[in-house]
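Letters go in sequence order (proteins before strands), and every chain restarts at 1.
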Amino acid sequence: MDDLYRELIIDRYKNPHHRGVLEPNDISFEDDNPLCGDHIRIDLRLDEAGRVSEASFDGHGCAISQASADLLVESVLGKTLDEVRLLSKEDILDMLGIELGPVRLKCALLSLKVLKAGAYGLGEASDDLVE
Amino acid sequence: MDDLYRELIIDRYKNPHHRGVLEPNDISFEDDNPLCGDHIRIDLRLDEAGRVSEASFDGHGCAISQASADLLVESVLGKTLDEVRLLSKEDILDMLGIELGPVRLKCALLSLKVLKAGAYGLGEASDDLVE
Amino acid sequence: MPMANNVNGFDVARIRADFPVLARQIRPGVPLVYLDSTATSQKPRAVIETMDEFYRKSNANIHRGIHTLAEEATAGYEGARRRVAQFINAPSARQVIFTRNTTESINLVAFTWGRANLNAGDIVILTEMEHHSNLVPWQMLAEERGLRLEFIPVREDGLLDMDAYRELLELEPCLVSFTHMSNVLGTINPAREMIALAHQAGALALVDGAQSVPHFPVDVQELDADFLAFSAHKMCGPSGIGVLYGRKELLEDMPPFLGGGDMIKRVYLRSFAPNEIPHKFEAGTPAIAEAVGLGAAIDYLESVGMQAIAQHEHEIVAYALERLEEIPGVRVFGPSAEHKGGVASFTLQGVHPHDISQILDSFGVAIRAGHHCAMPLHEKFGLPATARASFYLYNTREEIDRLVEAIYQVKEIFG
Amino acid sequence: MPMANNVNGFDVARIRADFPVLARQIRPGVPLVYLDSTATSQKPRAVIETMDEFYRKSNANIHRGIHTLAEEATAGYEGARRRVAQFINAPSARQVIFTRNTTESINLVAFTWGRANLNAGDIVILTEMEHHSNLVPWQMLAEERGLRLEFIPVREDGLLDMDAYRELLELEPCLVSFTHMSNVLGTINPAREMIALAHQAGALALVDGAQSVPHFPVDVQELDADFLAFSAHKMCGPSGIGVLYGRKELLEDMPPFLGGGDMIKRVYLRSFAPNEIPHKFEAGTPAIAEAVGLGAAIDYLESVGMQAIAQHEHEIVAYALERLEEIPGVRVFGPSAEHKGGVASFTLQGVHPHDISQILDSFGVAIRAGHHCAMPLHEKFGLPATARASFYLYNTREEIDRLVEAIYQVKEIFG
Ligand SMILES: Cc1ncc(COP(=O)(O)O)c(C=O)c1O
Ligand SMILES: Cc1ncc(COP(=O)(O)O)c(C=O)c1O
């Protein structure tokens, strides 16, 4: 079977570890992929040292977008916002462990785009964040 | 040498038989070929029976546009306006005795377009007249 | 045409051999099953080779050059225009304008005819099943001019609500602009009747023919359409070229669209006089090789026969609906086969359409997943996305079987 | 590159072998001498074959499909965008918008940036040597908005009057839009200096690069251009695709151009949200195979080297001017070779340029005759038309000799 659908992805899609919303939160951002309607919201809470103490995602979409969001949110726990801002496309691809063409890449990177727009405190998310 | 430049065309271009303007006239019309700037004016005088008694052309342009105009103007002498209106692309090509591609055709047909616009009393010439 | 391999004499095997890409394997041993012709069609060898030959032999800029290549290129480009006119039975080739695609054709009407004729409070009627290409230009114009947009509702069964349409016509709209065939539901709308009703109500009618012209015979005079828009790339032709047909008086009265070379009769430093139709609407160097390619595509389609193509697609879609509806968890959208063209949009419970498409791809089956540029229609059905298999002259029943098998695999993986 | 046959190591024979059309005979025994590259260039085998291959292997619609073909087609299209960005040294590929041609690129700026930013009384500066593509869009906008157009005069020697330009800048224009190289006179304008002056005066600068980008190295950052427009078909690429480069902040602030698929982020029945750049400006299915072809054309041009191409053309045009000026009755327009690119426009006393072109064609020599879409410039020189020979990387000194011989034949026929 296609290694795109590695067990990890199907597993995280069906049984996400970090799905939910945090209210109140310190940072919350949401956006969608206009090409397919996938939607992701990410909420973060920070501790006194400014590190991510709690993180969650919510939304709907394909297995790749949802599993990426779950893995991404997990990876930011304990990080400072500056560290979060440094996350790149490669970090997401490493977590997923797969190769993606340009269209599916947008699915995988939606959560990163949302996370970084939140971490930078932007009004709008932009593709520049994940290039 | 290219038979396009049959002696007839070069000859009529250099020594036109009917170049000039008629003032006053019964019908006068002018137009140009936007693709190349060729310009043709045709003046007609009619006799009492409504037949063309005098005809002339004026303008500037390539040998084909000017020679066609000269030949065309000559051919309408003695014709009624109804007969003039029936003149077609083929009549011009017969007079010139050559084959023309779509671009040069416009040069050859400019005088016909002008003549027919005049004969129909139109405000503006249209490619429909020579199709 | 004398043909074998099929009860109706439609020789799919022979047709498939005309399309080089259909021989492709997606992975070693996994042949391509191309079920995405609604997005864009594949190209027969004749079209590819005609363009190739144009570049190798006759390439030149058109209309203004006198040398042999320029005359040949002009003859090729203008010959393609006549070919298109014949194909849709336009009264004159001068009513055929070359654009980039259906989208530009519709924008051209909105921003020339629309800007010249529509004012605050004027009504344009669209439908809920329109492609974004037949929504956004009107929204832009509505915003600029204060127009009112009204929508013919789509019923649960995927057909337009014709009673509602009749009521909307009482508002005395200026224009009704609708798709001849939905690219999501496959619904073939009763264009002739809709246009007649529009005309009775004093409105003009624009037909989005992106999905009709490639798939069944379309005759602008029989339809009595005021405007018809379509794209070459969906009808075996190249990308980069589309068509707008318009009624002559309308085209002649419309102001120009873009400004530049070829669309002018005369230019001064501070003003210009526009050229005659169709040139008035074609600014700058057009898609020359692409027009020639479109002409070759029409030759190809007519050599097979538009009626035969429509019949073949009808059989394929009927078979597809039958097989898809057998699969537990699959829901197919749109009307029954008799009212539709070669499109089957569906969902599979618990699996996002993107994932369906991705896994199908690993079996060589190319379908499309998303909103198919029809977000409002998806919203109406409460879905962010659907999976869509779509068919053309080169598709076979065996390919439907491959699709169905692959969907069972998806169920297993996500099971 | 190691090359032979030429003092500078520029191997014209090898380059000619890359262009299939150059082997053509116009009549048996009469080989083509193609001297009309300013109208459109010929295409090397690599470009023709790349597009051919695209249609045979990877053809699909882009951006929205997930299957292998769609991913390949999207990668090809977006890869071409990055290739263009590198070629003109754009900071980001997102600043490269695919259009149909230079004409559409300029119209896009006029009707988005222009409509959003220019109002009654605002001034746009153009030049007297502009192609209709850089006149008519501004005339249309001027008429709609009440703008004032001013023109930098062309001097008798074919150069722009820079003193007059400096004076015009005191009017505080909003935009200066000018051609980098004249398609009639061949004049290469001092773009960098002109842009710097425009910026000092608070104006933006649009460069019409239709004749510069194909012929010598153009670097948007070095020029500091706000917009740059050019066409693929003039630079060894296919018809049907052009480019608009723009400064990022400008593009981001501009309203969309045409409405439809792909240029949107979200669509409701009565409103939409536009997509990010560059997609915001690309409505509907774009010229996909053509973008891929443009990418191949850039690869080809860079394999030869833009500096080497410029140098070669410079030598050819200098030789052409020398030979043409020898012919009694011939008058050549434009500046001396040092200020110009590969264009030689001329007249021959007593013979209309159309007739020159027609007779030259019978000797296989393809030149262009007419106003070359620059009527105001011709009016200024008091001519309805000129004959124009233009050169590219594949032209040779022997071809200039053929041109000159054929002109002597014209003189004989009309003598
Ligand atoms: C200087 C200049 N600008 C603009 C154009 C228009 O190019 P296109 O017809 O590809 O839009 C040309 C082409 O002739 C040109 O030479
Ligand atoms: C019904 C319909 N209209 C318009 C379009 C837009 O066509 P294009 O992208 O070629 O402009 C499409 C293509 O998807 C379509 O299916």
Side-chain angles (χ1 to χ4, degrees), chain C residues 20-21 24 26 36 39-40 42-43 48 52 55-57 59-61 64-69 100-101 103-104 107 132-133 135-137 139-140 149 151 233 238-240 258-261 264 267-272 283-285 287-290 354 357-358 361 366 368-370 373 375-376, chain D residues 20-21 24 26 36 39-40 42-43 48 52 55-57 59-61 64-69 100-101 103-104 107 132-133 135-137 139-140 149 151 233 238-240 258-261 264 267-272 283-285 287-290 354 357-358 361 366 368-370 373 375-376:
Chain C
V21 77
R24 175 158 175 187
I26 290 303
D36 195 19
T40 199
Q42 294 302 341
K43 322 303 172 200
I48 303 172
D52 196 290
Y55 282 127
R56 286 171 193 268
K57 294 234 173 106
N59 174 66
N61 212 326
R64 296 160 295 201
I66 286 168
H67 54 78
T68 302
L69 266 50
R100 180 174 29 249
N101 49 29
T103 304
E104 193 187 25
N107 278 271
H132 295 163
S133 293
L135 290 172
V136 181
Q139 292 173 353
M140 289 168 76
L149 304 182
F151 297 86
H233 70 92
S239 52
L258 305 183
I264 53 86
V267 178
Y268 308 98
L269 282 177
R270 289 188 172 78
S271 66
F272 72 98
T285 304
I288 304 170
E290 292 75 7
H354 267 191
S357 175
Q358 180 91 46
D361 181 61
R368 209 154 158 243
C373 292
M375 280 191 173
Chain D
V21 78
R24 172 150 178 196
I26 289 305
D36 194 20
T40 200
Q42 295 302 341
K43 323 302 175 201
I48 302 171
D52 197 290
Y55 282 127
R56 286 171 192 269
K57 295 232 170 107
N59 175 65
N61 213 326
R64 297 161 292 203
I66 285 168
H67 54 78
T68 302
L69 265 48
R100 178 173 33 246
N101 48 28
T103 304
E104 191 185 27
N107 277 272
H132 295 161
S133 293
L135 290 172
V136 182
Q139 292 173 353
M140 290 167 75
L149 304 182
F151 297 86
H233 70 92
S239 53
L258 305 183
I264 53 85
V267 178
Y268 308 98
L269 281 178
R270 289 188 173 77
S271 66
F272 71 98
T285 304
I288 305 171
E290 291 76 6
H354 268 191
S357 175
Q358 180 91 47
D361 181 60
R368 211 159 153 236
C373 291
M375 280 191 175

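- In terms of heavy-atom pairs under 4.5 Å with chain D, the best-connected choice from Leu258(C), Asn101(C), Leu149(C) is Leu258(C).
- Interface residue Ile26(D): only side-chain heavy atoms are found under 4.5 Å from chain C.
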After noting the C-alpha distance and the side-chain angles of Arg24(C) and Thr68(D), does the key distance pass the side chain to side chain contact (heavy atoms under 4.5 Å, CB included) rule?
-> CA-CA 11 Å; Arg24(C) 175 158 175 187; Thr68(D) 302; 3.8 Å; yes
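- Between Val267(D) and Val136(C), some side-chain heavy-atom pair lies under the 4.5 Å cut-off.
- At a 4.5 Å heavy-atom cutoff, the contact between Leu269(D) and chain C is made by backbone and side-chain atoms alike.
- When the candidates Ala366(D), Gly259(D), Gly65(D) are compared by the number of heavy-atom contacts under 4.5 Å with chain C, Gly259(D) comes out ahead.
- Of all the listed residues (Glu104(D), Gln139(D), His132(D)), the one sharing the greatest number of non-hydrogen pairs under 4.5 Å with chain C is Gln139(D).
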Checking side chain to side chain contact (heavy atoms under 4.5 Å, CB included) for the pair Leu69(D)/Val21(C): CA distance, chi angles, key distance, verdict?
-> CA-CA 10 Å; Leu69(D) 265 48; Val21(C) 77; 4.2 Å; yes
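- Arg56(C) touches chain D through backbone and side chain together, each having a heavy atom under 4.5 Å away.
- When all heavy atoms are compared, the tightest approach of Ala369(D) to Ile66(C) is CB-CD1, 4.4 Å.
- Of the atoms belonging to Ser271(C), it is backbone heavy atoms, and not side-chain ones, that fall under 4.5 Å from chain D.
- Ser239(C) and Ile288(D) make their closest contact through OG-N, 3.3 Å (heavy atoms, listed as atom of the first residue, atom of the second, distance).
- At a 4.5 Å heavy-atom cutoff, the contact between Asp52(D) and chain C is made by backbone and side-chain atoms alike.
- Of the listed residues His233(D), Arg270(D), Gln42(D), Lys57(D), the one with more heavy-atom pairs under 4.5 angstrom with chain C than any other is Arg270(D).
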What do the steps show when you test Asn59(D) against Thr40(C) for side chain to side chain contact (heavy atoms under 4.5 Å, CB included), and what is the final call?
-> CA-CA 8 Å; Asn59(D) 175 65; Thr40(C) 199; 4.0 Å; yes
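- At a 4.5 Å heavy-atom cutoff, the contact between Asn107(D) and chain C is made by side-chain atoms alone.
- Nearest heavy atom pair, residue Ser133(C) against residue Gly261(D), reads OG-N, 3.7 Å.
- Between the Glu290(D) side chain and the Pro238(C) main chain, no donor and acceptor come within less than 3.5 Å of each other.
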